[in-house]
Amino acid sequence: MDFITVGGVVAGDIEVGYGPARLFKSEIVNAIHAHLSEISEAGISANYNPQKMDKLDIYPNIWERDGDEGLEYITAYFSNLKNFVANCAKNNLGMAIYLC
């Protein structure tokens, strides 16, 4: 599920970082929350492959260079993302996202 880079409805044509902001209705936020809830830190760790991530040119291209620190980077931000989406879902909110 790639909601971060391609999901939602484009909110106008103003560039705010890497493209326009995108909007998600509360029903979609609930589906995203359900999906993210199934992903654990252990699952992320088990699938962390710095060499492959660098080869696939996955931003921010720090994976081999940073090794375990790259994994800590991912898990910390993923935890923040899960908490944010869970809060939106709990309060029946939609959300707006943009990449900067």
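Quick note: residue numbers are just sequence positions, from 1. All values derive from a computational prediction rather than experimental measurement.
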For this session: Heavy atoms only: give me the nearest N30-A89 pair and the separation to one decimal.
Result: OD1-CB, 3.2 Å
Problem set entry | Closest non-hydrogen atom pair between K82 and L36, with its separation | CE-O, 3.4 Å
For this session: With sequence neighbours excluded, tell me which residues meet side-chain hydrogen bond (donor to acceptor under 3.5 Å, both in side chains) with N91.
Result: N87
Exercise. Would a hydrophobic clustering, with Ile, Leu, Val, Met, Phe, Trp and Tyr connected at side-chain separations under 4.5 Å, put L56 with Y18?
Worked result: yes
Exercise. Going from NZ on K52 to CH2 on W63, what distance comes out if it is rounded to the nearest 0.5 angstrom?
Worked result: 15.0 Å
Exercise. Considering only heavy atoms from C-beta outward, does the side chain of L71 approach that of D66 to under 4.5 Å?
Worked result: no
For this session: Can you measure from CD1 (I28) to CG (L23) and round to the nearest 0.5 angstrom?
Result: 12.0 Å
For this session: Apply side-chain hydrogen bond (donor to acceptor under 3.5 Å, both in side chains) to D57 and list each qualifying residue two or more places apart in sequence or on a separate chain.
Result: N61
Exercise. Are the side chain of S79 and the backbone N or O of T75 linked by a donor-acceptor pair below 3.5 Å?
Worked result: no
Exercise. Nearest heavy-atom pair of A21 and V16: which atoms, and what distance?
Worked result: N-CG2, 3.5 Å
Problem set entry | For P20 against G12, the heavy-atom pair lying closest together | CB-O, 3.6 Å
Exercise. Are the side chain of Y48 and the backbone N or O of G67 linked by a donor-acceptor pair below 3.5 Å?
Worked result: yes
Exercise. Do I39 and L81 share a hydrophobic cluster (ILVMFWY, side-chain heavy atoms under 4.5 Å, transitive)?
Worked result: yes
For this session: Say whether F24 and V6 are linked into one hydrophobic cluster, either directly or through other cluster members, by side-chain heavy-atom distances under 4.5 angstrom.
Result: no
For this session: Nearest 0.5 Å please: distance from the CD atom of E38 over to the NE2 atom of H33.
Result: 10.5 Å
Exercise. Do you reckon I44 sits in the same ILVMFWY cluster as Y73, going by side-chain contacts under 4.5 Å, direct or chained?
Worked result: yes
Exercise. Taking everything shown except N80 itself, do over 12 heavy atoms lie less than 6.0 Å from its CG?
Worked result: yes
Exercise. How about E64: does its CD atom have over 12 heavy atoms from other parts shown lying under 6.0 Å from it?
Worked result: yes
For this session: May I ask whether V85 and I74 are part of the same hydrophobic cluster, defined by side-chain heavy atoms of I, L, V, M, F, W, Y residues being less than 4.5 angstrom apart, directly or through others?
Result: yes
